[in-house]
Amino acid sequence: MSTTLFDVRGPRARVRHGVYGVLTSIGTAALVAYIAYRLYASEQITGDAWEPFQDPEIVFGVVEGFGLTLLAAVLAIALSIAFGVIFAAGRLSDSALLRIPSIVVVEFFRAVPLVLMILAIFLGFGDTTGRYGALIIALMLYNGSVLAETFRAGINAVPRGQSEAAYAIGMRKTQVMLSILTPQAVRIMLPAIISQCVVALKDTALGFIIASPEAVSVGKQIYSNYGNPIVTGLVLAVVFIAINYTLSKIAQILEGRQRRKGRAVLATAPTTAAGGAV
């Protein structure tokens, strides 16, 4: 492949590229060292900055914050799946009275930025929902509309011959949907659904803007009291990365297993952008 697309590097080119690599490594190391020095000089990464995380009460507060974050994500995903199933069924309906309103609802909530949705629900219904409820409802509406499209695509990805064979033996549309298409579509959609769970988990951090009681808000209280935003951010980032990386690997494993079995798989949603809906 390399001899087809690229010229083979000669001795001088290899030396030149080696020099470039060494200079780039030195420059990167110098930049990292300078940033570390500046953070240390401003007492952002000194031992005192880590001291709050040796306090059991603060550690418990962080764990409790992540517990509320995971609970919000679980509730939002559960409600999103119900929302997605209902409106995906509406979009696949033969009746225009169900299909058109479903299209409007799904497209509307997919288009509205999640931050604005959280603020709108909190400012409009915060007295009823509370901060935590406003965050969960906003996550449900956005992720539910995304999952509705995922479910619809999963159903449509099942080979047409499956439904045609079912209709040929006299099954009704509901029977075809529940007994033939949905079981196969779930296997196809599973990696994408798990990937969307990762997105929902990351989006819980947006509850910060309404001071919802989750991990990021707990982090704000810590660095406001101790003046260590860098260290607090690092601790939260490490935990978020560990959780999201685990879920992402599960989605990749499921996707790889489906492909090895020769089954169609929906592409997993991107999970790298925090607050992907913003």
Side-chain angles (χ1 to χ4, degrees), residues 73-112 114 117 136-203 244 246-272 276-277:
V74 169
L75 292 175
I77 285 296
L79 294 172
S80 298
I81 290 175
F83 183 98
V85 168
I86 293 171
F87 284 94
R91 293 205 63 169
L92 291 168
S93 174
D94 293 332
S95 171
L97 292 176
L98 295 176
R99 188 174 63 255
I100 293 176
S102 298
I103 293 173
V104 172
V105 169
V106 169
E107 294 301 329
F108 175 79
F109 287 118
R110 285 181 65 199
V112 176
L114 183 54
M117 205 179 306
I136 293 173
I137 292 173
L139 290 172
M140 176 199 71
L141 294 175
Y142 173 73
N143 290 287
S145 61
V146 173
L147 286 176
E149 285 297 276
T150 302
F151 295 156
R152 185 174 69 89
I155 294 292
N156 289 335
V158 178
R160 184 182 296 272
Q162 299 286 323
S163 57
E164 291 176 347
Y167 287 126
I169 61 174
M171 296 180 73
R172 297 180 179 178
K173 183 171 183 178
T174 304
Q175 293 176 303
V176 173
M177 188 68 70
L178 296 178
S179 303
I180 305 297
L181 299 182
T182 300
Q184 299 181 67
V186 167
R187 289 196 296 269
I188 296 172
M189 296 181 296
L190 198 53
I193 292 173
I194 294 177
S195 183
Q196 192 61 35
C197 292
V198 177
V199 174
L201 177 61
K202 290 192 298 184
D203 286 346
N244 290 332
T246 302
L247 291 175
S248 297
K249 291 302 291 182
I250 292 173
Q252 291 174 9
I253 291 171
L254 289 173
E255 184 174 341
R257 183 175 299 175
Q258 294 291 79
R259 292 190 188 281
R260 284 194 296 274
K261 292 181 179 178
R263 294 169 177 162
V265 179
L266 289 184
T268 54
T271 59
T272 54

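Every heavy atom of this structure was used, including side-chain atoms; hydrogens, water molecules and symmetry mates were not. Everything quoted here is computed from the prediction, not taken from an experiment.
Qualifying side-chain hydrogen bond (donor to acceptor under 3.5 Å, both in side chains) partners for R91, counting only residues two or more places apart in sequence or in other chains: E107, E149. The side-chain contact (heavy atoms from CB on, under 4.5 Å) test applied to V85 returns I81, F151, not counting sequence neighbours. Residues satisfying the side-chain contact (heavy atoms from CB on, under 4.5 Å) test with A185, not counting sequence neighbours, are I155, V158, M189. Applying the side-chain contact (heavy atoms from CB on, under 4.5 Å) test to V176 and every residue at least two apart in sequence or in another chain returns S163, A166, Y167, M171, I180, L181. Here A111 pairs with nothing under the side-chain contact (heavy atoms from CB on, under 4.5 Å) rule; sequence neighbours left out.
Pairs of residues two or more places apart, or lying in two chains, never qualify as salt bridge (charged side-chain N to carboxylate O under 4.0 Å, His left out) while including a residue from residues 74-90. Applying the salt bridge (charged side-chain N to carboxylate O under 4.0 Å, His left out) test to pairs two or more places apart or on separate chains, none has a residue in residues 80-89. Under the ring pair (Phe, Tyr, Trp, His ring centres under 6.0 Å) criterion, the residue pairs touching residues 75-107 are F83-F87, with sequence neighbours excluded.
Distance alone, capped at 3.5 Å, is enough to place a donor-acceptor pair between the Q175 side chain and the R172 backbone.
The distance from the CG atom of N143 to the CG atom of L201 is 10.5 Å, given to the nearest 0.5 Å. Between the CG atom in N156 and the CG atom in L92 there is a gap of 6.0 Å [rounded to 0.5 Å].
Shown here for A148 and A88, the closest heavy-atom pair between the two residues is O-CB, 3.4 Å. Taking each heavy atom of A96 and P101 in turn, the nearest pair found is O-CD, 3.6 Å. For L98 against S93, the heavy-atom pair with the smallest separation is CD1-OG, 3.7 Å. In plain terms, the two heavy atoms of A192 and T150 that are nearest each other are CB-CG2, 3.9 Å.
Put simply, the side chain of I193 does not reach to within 4.5 Å of the side chain of Q196, judged on heavy atoms. Residues L139 and L114 meet the side-chain proximity criterion, which asks for heavy atoms closer than 4.5 Å.
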